[in-house]
Protein chains: 2
Amino acid sequence: MTTVLLVDDHALLRKGFRMVLQAEPDLEVVGEAADGRVAVEQVRALRPDVVLMDVRMPGGDGITATEQIVAAHPSTRVLVLTTFDLDEYAFGALRAGASGFLLKNAEPAELVAAIRTVARGDAVVAPRATRRMLDLMADKLPAGDPAEPRADDRLAGLTPREREVLQLMAEGLSNTEIAERLVLSATTVKTHVGNVLAKLGARDRVQAVVVAYQTGLATPG
Amino acid sequence: MTTVLLVDDHALLRKGFRMVLQAEPDLEVVGEAADGRVAVEQVRALRPDVVLMDVRMPGGDGITATEQIVAAHPSTRVLVLTTFDLDEYAFGALRAGASGFLLKNAEPAELVAAIRTVARGDAVVAPRATRRMLDLMADKLPAGDPAEPRADDRLAGLTPREREVLQLMAEGLSNTEIAERLVLSATTVKTHVGNVLAKLGARDRVQAVVVAYQTGLATPG
DNA sequence: GCGGCACTCCTCCTCCAGGAGGAGGCCGGC
DNA sequence: GCCGGCCTCCTCCTGGAGGAGGAGTGCCGC
């Protein structure tokens with residue numbers, strides 16, 4: 001069950017959201033707030049999983065509210081709602097730690113899906129804005145490969161496939177799950193895992209995962 | 001009507017995608033290609049609206065293919081498919097001009113929605129990767145506050161002893177070794193480990209170790 | 001053509017990890 | 001005093017992990 005707090009200065013809009021979310025058995029609206037200041041208090045009291053936050057509000061704007069909420073309750077995800085695409089408000093909210101944002105005129109199904117997405121720790125960005133984000137990022141994208149400038153000698157002996165398997169191990173996947181993900185038999189995965197362990201000098205997969213993190217093959221983010 | 005070209009070295013996978021897309025009246029698969037070189041030719045000949053492209057292929061990789069397609073036919077949108085979240089392949093594809101990317105194990109409905117999204121000129125990024133993108137962008141954004149370590153409260157419920165045990169797990173130690181290190185019986189360690197797994201919602205110690213790294217309890221250094 | 005490597009898949013076997021379901025001792029708060 | 005949380009230790013049991021030992025494919029270089 002995912003608990004949701006609605007934050008918007010329009011009571012009618014909150015009403016509408018509540019209606020939409022009531023139809024979902026796994027979502028529960030536990031509270032509402034009309035401005036940012038009240039929102040912060042509500043989060044402290046109710047500990048919702050997700051906060052649906054309008055960024056443009058009179059009396060305590062959504063950005064500083066988002067900042068405070070994220071700082072005080074990192075496990076609470078803030079999903080920001082805007083009227084326009086990617087304006088300075090949306091950027092500000094993302095900087096403040098929001099888990100994503102949607103347009104207010106999004107489809108109900110889209111909204112519901114977005115809430116579930118941020119609830120499980122992922123992020124959401126409205127499609128039209130995603131393009132702008134990608135464009136903005138284009139020149140910022142790692143031209144080399146910051147994720148792996150290392151080429152730590154320990155990974156040198158691994159084949160591409162083995163590296164792939166190790167990466168999935170580092171995500172916490174079991175052999176069976178890795179097999180499904182890579183469309184392989186579980187036996188083959190075990191072979192790869194065995195090779196990885198031997199080459200890394202690891203006794204079990206946990207030690208291999210440690211190496212994956214140390215070398216940067218896997219990143220905590 | 002949106003026309004689609006499938007590019008993947010696995011015939012079976014193409015078959016699967018074709019099945020999924022056939023069920024959609026507004027989508028039509030007009031061709032297939034098994035490698036990047038053929039894909040470029042196919043695009044020139046068939047002028048599809050959207051190209052569904054696997055980045056990891058033998059013989060002409062998906063990245064250079066994406067580059068060439070986007071350069072020669074700007075109206076053709078390339079949607080990239082990857083096995084992992086945001087790896088070097090995905091970054092490369094986005095740099096090359098792809099309109100977005102999805103994980104291969106995405107839901108059919110997700111895939112179909114993504115095709116329609118890129119067809120109308122918007123972009124799509126897999127939810128899990130969106131978070132990483134936002135994190136990457138965070139410091140790039142104007143007036144960016146340094147992305148605080150954001151004390152993760154997933155460890156909040158853990159007792160000091162449990163935290164200690166988790167830390168040793170993250171070093172790759174077995175239950176027996178942890179017992180020796182902490183001068184405990186192996187049984188006790190198993191109890192602590194069990195509690196840690198339950199509190200973190202982890203299925204096995206590997207997943208717990210992943211959380212340890214994500215929260216900063218353990219560091220790759 | 002042939003060896004080497006990467007990738008795939010198999011069986012049999014052992015052992016540890018993890019769940020279920022306990023139990024007792026210690027300490028601090030109400 | 002009693003309750004609750006934390007730490008300690010136990011048994012029984014199942015499933016998956018990992019080792020040993022092969023085997024077949026395809027690709028590449030010599």
Review point. Measuring from A:Arg205:CZ to A:Leu197:CG, what's the distance to the nearest 0.5 Å?
Key: 8.0 Å
**Study point:** Side-chain N,O (A:Asn175) to OP1/OP2 (D:dG16) below 4.0 Å
**Key:** no
Check your understanding: According to a strict under-4.0 Å criterion, is B:Arg161 in side-chain N/O contact with OP1 or OP2 of D:dT8?
Key -> yes
Review point. Taking atom CG of A:Leu173 and atom CD of B:Gln207, what is their separation to the nearest 0.5 Å?
Key: 7.5 Å
Practice item. Please check the phosphate of C:dC16 (OP1 and OP2 only) for any side-chain N or O of B:Arg205 closer than 4.0 Å. Key: no
**Study point:** Side-chain touch A:Leu21/A:Ile115, heavy atoms, less than 4.5 angstrom
**Key:** yes
Check your understanding: Atom CD of B:Glu162 and atom P of D:dT8: how far apart are they, to the nearest Å?
Key -> 10 Å
Point to revise | Euclidean distance, atom CG of residue B:Leu173 to atom P of C:dC16 [Å, nearest integer] | key: 15 Å
Review point. Is the shortest distance from a Lys or Arg side-chain nitrogen in B:Glu177 or B:Arg181 to a carboxylate oxygen in the other one below 4.0 Å?
Key: no
Check your understanding: Hey, are the side chains of A:Asn195 and A:Val165 touching, using non-hydrogen atoms and a 4.5 Å cut-off?
Key -> no
Check your understanding: Just how far is it from atom CG of B:Leu158 to atom CG of B:Leu166, taken to the nearest 0.5 Å?
Key -> 6.5 Å
Check your understanding: What bend angle does the helix from C:dG1-D:dC30 to C:dC30-D:dG1 show across its length, from five-pair end axes and to the nearest 10 degrees?
Key -> 40°
Point to revise | Beyond-backbone contact of B:Arg116 with B:Thr2, side-chain heavy atoms, under 4.5 angstrom | key: no
Review point. Hey, does the side chain of A:Thr159 come within less than 4.0 Å of C:dC7's phosphate (OP1/OP2), counting only N and O?
Key: yes
Practice item. Kindly state which residues belonging to residues 181-200 of chain B come within less than 4.0 angstrom of DNA chain D, counting heavy atoms of the residue only, listed by number. Key: B:Leu184, B:Ser185, B:Thr187, B:Thr188, B:Thr191, B:His192
Practice item. Would you mind reading off the distance between A:Arg203 atom CZ and C:dC15 atom P, rounded to a whole angstrom? Key: 15 Å
Point to revise | A:Glu41 with A:Arg44: basic N within carboxylate O range, under 4.0 Å | key: no
**Study point:** Length of the CZ-P vector between A:Arg163 and C:dA6, whole Å
**Key:** 11 Å
Point to revise | Within-4.5 Å side-chain heavy-atom neighbours: B:Leu46 and B:Thr3 | key: no
Review point. For B:Asp204 and D:dT14, what is the distance between atoms CG and C1' respectively, to the nearest whole Å?
Key: 15 Å
